[in-house]
Amino acid sequence: MVTAKEILDRIETGGHRPTASRRRLLDAVVARGDGFTAEELVAEVKGLGRATVYRTVRLLLKEGLLCKLSLQDGAPRYTLSQKLGHHHHLVCVGCGVVQEFSQSVIEQMLMQLSGAGAIMGHRIEVYVLCPSCQAKSESTPGHSPRTGALA
Ligand SMILES: [Zn+2]
Ligand SMILES: [Zn+2]
Ligand SMILES: [Zn+2]
């Protein structure tokens, strides 16, 4: 697990000052870990302006410390990057937990598309129901939402 300290070190190495507001934001980011929106950070870190939050999120993205996920339900979500370098994401639609993976076979496959033009990048997000969410839905009797009265 990445710690706020490690992220601060990376920010400094990248030539950015670890200001007090960045530090507070990083604590919130590390506490959240998976799948938060910039607005959630704005709400959580009191006293930091929206512009500061968004600027810091952009900085962390640029340094490869955060990953941006475009999920089906609107606002982009961010997640702490565990792996440095190119990778993809598995996102649980039940609990929102994010896992990173890389598969050289995917990269090779995409290379073959280069006839369509110079590939400038790609993102792959795979939506899953993680094992613990699967277990939960199986152990709930009559888990079909249409069964029984409205809860
Ligand atoms: Zn990632
Ligand atoms: Zn899950
Ligand atoms: Zn890839």
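Remember, it's 1-based here, ligands and their atoms both numbered in the order they're listed. Side chains included, hydrogens not; waters and symmetry mates left out as well; all remaining heavy atoms used. Since we're looking at a predicted model, the values are computed, not measured.
Rounded to 10°, the angle that NE2 of His87 and SG of Cys67 form at the Zn ion (ligand 1) is 100°. His86 contributes NE2 and His122 contributes NE2; the angle these two atoms make at the Zn ion (ligand 3) is 100°, rounded to 10°. Rounded to 10°, the angle that OE1 of Glu107 and NE2 of His88 form at the Zn ion (ligand 3) is 160°. One finds an angle of 100° at the Zn ion (ligand 2) between SG on Cys133 and SG on Cys130, to the nearest 10 degrees.
Aromatic ring pairs are classed by plane angle as parallel below 30°, tilted from 30° to 60° and perpendicular above 60°; the pair Phe101 and His88 is perpendicular.
The same ILVMFWY cluster, assembled from side-chain heavy atoms under 4.5 Å apart, contains both Val30 and Val42.
For Glu100, the N/O/S atom at the shortest distance from the Zn ion (ligand 1) is named OE2. As for His89, its N/O/S atom nearest the Zn ion (ligand 1) is the one called NE2.
The distance from atom CG of Leu69 to atom OH of Tyr127, rounded to the nearest 0.5 Å, is 8.0 Å.
Side-chain contact annotation: His87 with Gln82, donor-acceptor N/O pair under 3.5 Å absent.
Just one of Arg10, His16, Arg58 meets the side chain to side chain donor-acceptor pair (under 3.5 Å) condition when paired with Glu63; it is His16.
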